Amino acid sequence: PMALVYAEFLNFGETKKVVYHFVEEDNIWKMFNITIRGWSLMADLESAPPATPSNDDVSDAYEKGVDAFNRGDFETAFNSLLPGATQGDPKSQYYVGLMYRGGNGVLQNSEEAVNWYRRAAAQGHVTAQASLGVMYRDGEGVSVDNKQAVYWYTLGAEQGDPFSQTELGLFYQAGTRVDQDTEQAV
């Protein structure tokens with residue numbers, strides 16, 4: 001049997017999307033997308049939005065999730081982190097991406113890891129930015145795209161992340177998708 005866990009209401013201009021998240025008895029997450037065109041139907045859906053947890057709830061769930069992750073209790077970690085991640089918490093989004101990337105508590109899914117990393121990275125989460133750099137460099141969950149790798153490494157490097165700085169320096173040293181620049185590489 002499957003149970004509806006939550007739904008996300010997404011706005012893409014005149015096209016609306018409702019993403020329903022279900023969990024099956026064996027804890028495999030399924031996502032079903034329904035695209036809704038037109039404002040009237042979406043207005044009805046928007047009249048009853050899903051409850052939004054408070055910042056304290058998200059923070060508590062994040063701490064519980066990270067603690068469970070560090071203990072290897074990935075099911076508890078995922079269940080604790082996912083609500084905050086769907087509400088836009090970049091730290092929770094990063095960990096959900098990490099779990100999908102490694103197959104910890106969920107089926108391994110590099111594409112889904114990229115999706116969650118991208119959400120966190122867009123909000124300035126430096127480790128998510130570095131992780132996206134690696135995934136684009138290696139073609140993990142995405143096509144190899146050194147230009148995108150350089151982009152994400154640059155954002156991380158600008159925040160002082162040593163890993164991103166090193167990787168970006170290697171790109172400049174080799175002239176990979178950037179003009180070779182030994183001064184910039186240092």
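Just so it is clear, the structure is predicted and the values come from calculations on it, not from any experiment.
- Between the D161 side chain and the A157 main chain, no donor and acceptor come within less than 3.5 Å of each other.
- Side-chain atoms of D145 come within 3.5 Å of backbone N or O of K147 as a donor-acceptor pair.
- Separating the CD atom in Q165 from the OG1 atom in T154 is a distance of 10.5 Å, to the nearest 0.5 Å.
- Not counting sequence neighbours, the partners of D67 by the side-chain hydrogen bond (donor to acceptor under 3.5 Å, both in side chains) test are R71.
- Ion pairing between a basic and an acidic side chain is recognised when a charged N comes within 4.0 Å of a carboxylate O; E112 and R101 show no such pairing.
- A perpendicular orientation is assigned to the rings of Y62 and Y95, their planes being inclined by more than 60° (bins at 30° and 60°).
- A donor-acceptor distance shorter than 3.5 angstrom exists from the side chain of Q159 to the backbone of G124, with no hydrogens or angles considered.
- The distance from atom OG1 of T166 to atom CD of Q173, rounded to the nearest 0.5 Å, is 11.0 Å.
- Among pairs with a residue in residues 79-93, none fulfils salt bridge (Lys or Arg N to Asp or Glu O under 4.0 Å), at least two apart in sequence or across chains.
- In this structure, Q93 contributes its side chain and W116 its backbone to no donor-acceptor pair below 3.5 Å.
- Classified by interplanar angle (parallel below 30°, tilted 30° to 60°, perpendicular above 60°), the ring pair F171/Y153 is tilted.
- Listed by chain and residue number, nothing satisfies the salt bridge (charged side-chain N to carboxylate O under 4.0 Å, His left out) test with R118 (two or more places apart in sequence, or in another chain).
- Here the shortest heavy-atom pairing between L81 and A61 reads CD2-O, 4.5 Å.
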